[in-house]
Amino acid sequence: MARPDSSIKQRSAESGMTGSMDAAPGMGSKDGHAAATDADVVYLHGVLEATVFEADHLHNAIHGRIIKATEKLEQSLGVHSVQHGSLYVDIDVGAARVARTREVEFHPISPTWNQSFRLHCAYPAAAITFTVKSQHLVGASVLGRASVPTASVAAGRPLELWLDLRGGEHRHETHTPRLHVRLRFMDVERDPCWDAGVRLPGFAGITPAFFPERTNCNVTLYQNSHLSDGFDPSVRLAGGRPYRPARLWEDLYVAIRDARHFVYIAGWSVNTAITLVRDATRMVPGAEGVTLGELLKRKADEGVAVLVMPWQDKTSVAFLGNAGVMKTHDEETRAFFHGTNVRCFLCPRDAKAALTLVQSIEISTEFTHHQKTVTLDVATQGSADGRHVVSFIGGIDLCDGRYDDEKHTLFQQLDTTYSHDFMQNNFKHASLRHGGPREPWHDVHCRIEGPAAWDVLANFEHRWKKQAPTRLRGCLLDLSTATFPDPCGSNDGDDTDDSWNVQVFRSVDDASVVGFPTDPAEAAAVGLTSGKDLTIDRSIQIGYVEAIRRARRFIYIENQYFLGGCASWAEDRDSGCLNLVPVEIALKVAAKIRRRERFAVYVVTPMWPEGEPASDSIQAIVRWNRLTVEMMYRVVMEAIDDAGLRGQAHPCDYLNFFCLGNREAPCPGEYVPPVKPEEGTDYWRAQVSRRCPIYVHAKLMIVDDEYVIVGSANLNERSLAGNRDSEIAQGSYQPAHLNGPCGGRARGLVHGFRMSLWHEHLMGNVGEGASLEPESVECVHAVRCAAEALWQAYTRDRVEDLRGHLLPFPISVSEFGEVTDLPADGCFPDTRAPVKGKKSATLPAILTT
């Protein structure tokens, strides 16, 4: 660790510490300063509390007097010709911008912010830099900056300092401007929550938070939109009870069908033409052939308040045939409900009016409303007329391409189940007319009952009140727990051991919702952060970070994307992909290795992001993922060396990446397309080889079989920043099914769900005994061995049914942590697309991270 700078003068904070410090030269890469030397860098991993109080002599005295005299002259003449930008402060930890104060009105001498931040950190940094800026109509000017060496903060002592500001765009000839700040850092391993798991009493979710943890809830976890009637994971829970997987779209259809008062839907896409129930062996009476749009219109005609709020894709315009770049069917949905009793409006991802024109265009065209929620009233079991609120949230959109089960077929049922729902977005010109493979889809969702369901309802109401047209604002019902009392206990109504504690998390800003405090101190008190003129809820990222820090044994992740921790990448550290999830995982693994404790991480992602794999955007995302993975293995390898385990331990003993795929041999009677794909294309090769990646669209993390996060948020900057895509998720656990302090293992529904997912992916290729202890090296090796065997079957010339879906992500990791491509030609199977990705020369990083 670097030694603290000798120019700091301080005394104990408890005794009213004061201090002063000259600006450290050459710190902070954000504004073009020279990088510090490696010897100065400290890895700041923990929580940083930072307060920006005020500036002094921000403009020199002569400049200040001129400004005051000009203002008095303007007042006397009744004119206002001199424009002053508002002032704010950026806070950078090394290359990472971690906070930004609110904007305050221009003051020539002593502007005051008095704003505090609580910041989760996992950054290599030589200094913490404060930059004072003046916002203009276009751009901002730097008035001065100062840095504090990270080593002086990492020691953990509170520092309250007046920092001399240097390097502004104006000369300060009479006085040196200064900034008054306070810093306090707590190292992660001093945090009582570190490595603690979920401990009761005491644990109460993330605090502070806009939505606190709620008790006496119920949660149902769903894998895929459907499961076949024969799916049986054969999992036993505590007390020997069998785990019974639920079926999402069947449950959702019944819930909408039976709603009496309201159905509120928010989605990235809501396609009125899809049918929810398609399995003839499990057909719900009256559901056959009923589309979502018809079902919702029927409920609205019965007097139920049906409100539908899909995201508005701004590219859905006439010259594109209203399809839009993302093909969300938003204009079709609006047209379908026009003139009916369903109240529907397309909700744009608007920016705040105070942002610049460039920022507004960037937000409204590049980012989305990505939440997927359905909230409605259902019958309360054991009550003649009682109704309560239920909310569905997760990754599964109510749109085309999402219907799938554990089989993830490629070529079967194309002319029946998928005849009106064939989707394949990875190959150009793919269609039912040209045949399979269809794009198989794996996803995760959940149903919430109890007080947390009301928080999901509140999120919908906050968004509707903020963005709905004036004529629709009054459509929301006046709902209360007096009318819809929450049921207590479990789904069976009499087993409190199945009760859940649930906390709702969001990524959203006050351009999209009402209800956020405008005062920064009040916002911070409920877990929100304020930056310039924006108030942001970033609780999904915080929920992930704190769950990773609490983890004791293993982490299991399924996610559509896995990018982050760019401040620790080998290159492109200025990409802005700063979310902490990947680097927090790497640092958790490293800490366990140094302690000689077992820990394992399993990450399941798509083989490549949805789209043509050689396209510019997909290659850019693949590259960000590669930089993330390389960074993680570098951190793990350093820990192996520090522990003296080189040659004894392999990085993949602790950290592994997987994807999903399927392969099907020809089957008698299967659909025969009238036209074949063009020979030599990716589509043609996939059809000939009869294989295709399964698209992993889930947004799931399971920690130690006791805690689960499910939602709409991807593990990338778009989903976790809070001011980009809007997202919603929940973190939950069963208080009666936690890991014991002396080695006892959680065997509740979280465990059952993880085992059910593994059964789907591995089809029994890993013994139940090994699966019960995922952190063990035996389990890690068994899973890797099964995945590698499936990869051989997936890639060999001979076509046969794949007996499982879990494949290694197509990289190879050496015993020294070096990452290379698994395929010999460096390309994804059946494509000419490089596995390592390629940097885009045209697309901005903000779009692809």
Atom [atom1] of [X] and atom [atom2] of [Y]: how far apart are they, to the nearest 0.5 Å?
{"X": "K699", "Y": "S719", "atom1": "NZ", "atom2": "OG", "result": "7.0 Å"}
{"X": "D404", "Y": "I396", "atom1": "CG", "atom2": "CD1", "result": "10.0 Å"}
{"X": "M755", "Y": "S234", "atom1": "CE", "atom2": "OG", "result": "10.0 Å"}
{"X": "R343", "Y": "W464", "atom1": "CZ", "atom2": "CH2", "result": "9.0 Å"}
{"X": "S726", "Y": "R506", "atom1": "OG", "atom2": "CZ", "result": "10.0 Å"}
{"X": "I728", "Y": "N459", "atom1": "CD1", "atom2": "CG", "result": "4.0 Å"}

Flag side-chain contact, heavy atom, 4.5 Å: [X] against [Y]:
{"X": "M763", "Y": "H805", "answer": "yes"}
{"X": "L346", "Y": "E331", "answer": "yes"}
{"X": "F484", "Y": "H261", "answer": "yes"}
{"X": "Y683", "Y": "E678", "answer": "no"}
{"X": "M326", "Y": "W311", "answer": "yes"}
{"X": "C446", "Y": "I393", "answer": "yes"}
{"X": "Q467", "Y": "S512", "answer": "yes"}
{"X": "P440", "Y": "Y695", "answer": "no"}

Please determine, by modelled atom types, if [X] and [Y] share a side-chain donor-acceptor pair under 3.5 angstrom.
{"X": "W454", "Y": "D486", "answer": "yes"}
{"X": "H434", "Y": "S431", "answer": "yes"}
{"X": "D330", "Y": "S316", "answer": "yes"}
{"X": "D229", "Y": "T281", "answer": "no"}

Pair F336, H329 - check ring-ring contact (aromatic ring centres under 6.0 Å, His included), show working. CA-CA 10 Å; F336 183 88; H329 305 280; over 10 Å; no
Can you classify the ring geometry of W249 versus Y403 as parallel (below 30°), tilted (30 to 60°) or perpendicular (above 60°)?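 Correct class here is tilted.
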Geometric class of the Y556/W758 ring pair [parallel <30°, tilted 30-60°, perpendicular >60°]: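 Rings of W758 and Y556: perpendicular, over 60°.
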What closest approach, in Å, do [X] and [Y] show between heavy atoms, and which atom pair accounts for it?
{"X": "A665", "Y": "Q412", "result": "O-NE2, 4.5 Å"}
{"X": "N765", "Y": "G804", "result": "ND2-CA, 4.4 Å"}
{"X": "F422", "Y": "G435", "result": "CZ-O, 3.4 Å"}

Output all residues satisfying side chain to side chain contact (heavy atoms under 4.5 Å, CB included) with R298, sequence neighbours left out; order by chain, then residue number. Y253, V290, L295, E302
By side chain to side chain contact (heavy atoms under 4.5 Å, CB included), which residues pair with A833, not counting sequence neighbours? P613, A614, Q619, F828, T831
Show your reasoning for whether side-chain contact (heavy atoms from CB on, under 4.5 Å) applies to W268 and D725. CA-CA 10 Å; W268 175 81; D725 292 347; over 6 Å; no
May I have the step-by-step check of side chain to side chain donor-acceptor pair (under 3.5 Å) for Q371 and S712, ending in yes or no? CA-CA 6 Å; Q371 298 177 347; S712 67; over 6 Å; no
Begin with the C-alpha distance, continue with both residues' side-chain angles, and end with the deciding distance and a verdict on side-chain contact (heavy atoms from CB on, under 4.5 Å) for R402 and H697. CA-CA 9 Å; R402 272 44 174 185; H697 193 257; 4.1 Å; yes
When you check the gap from the basic side-chain N to the acidic O, do [X] and [Y] get nearer than 4.0 Å?
{"X": "R690", "Y": "E670", "answer": "yes"}
{"X": "D455", "Y": "R214", "answer": "yes"}
{"X": "D279", "Y": "R247", "answer": "no"}

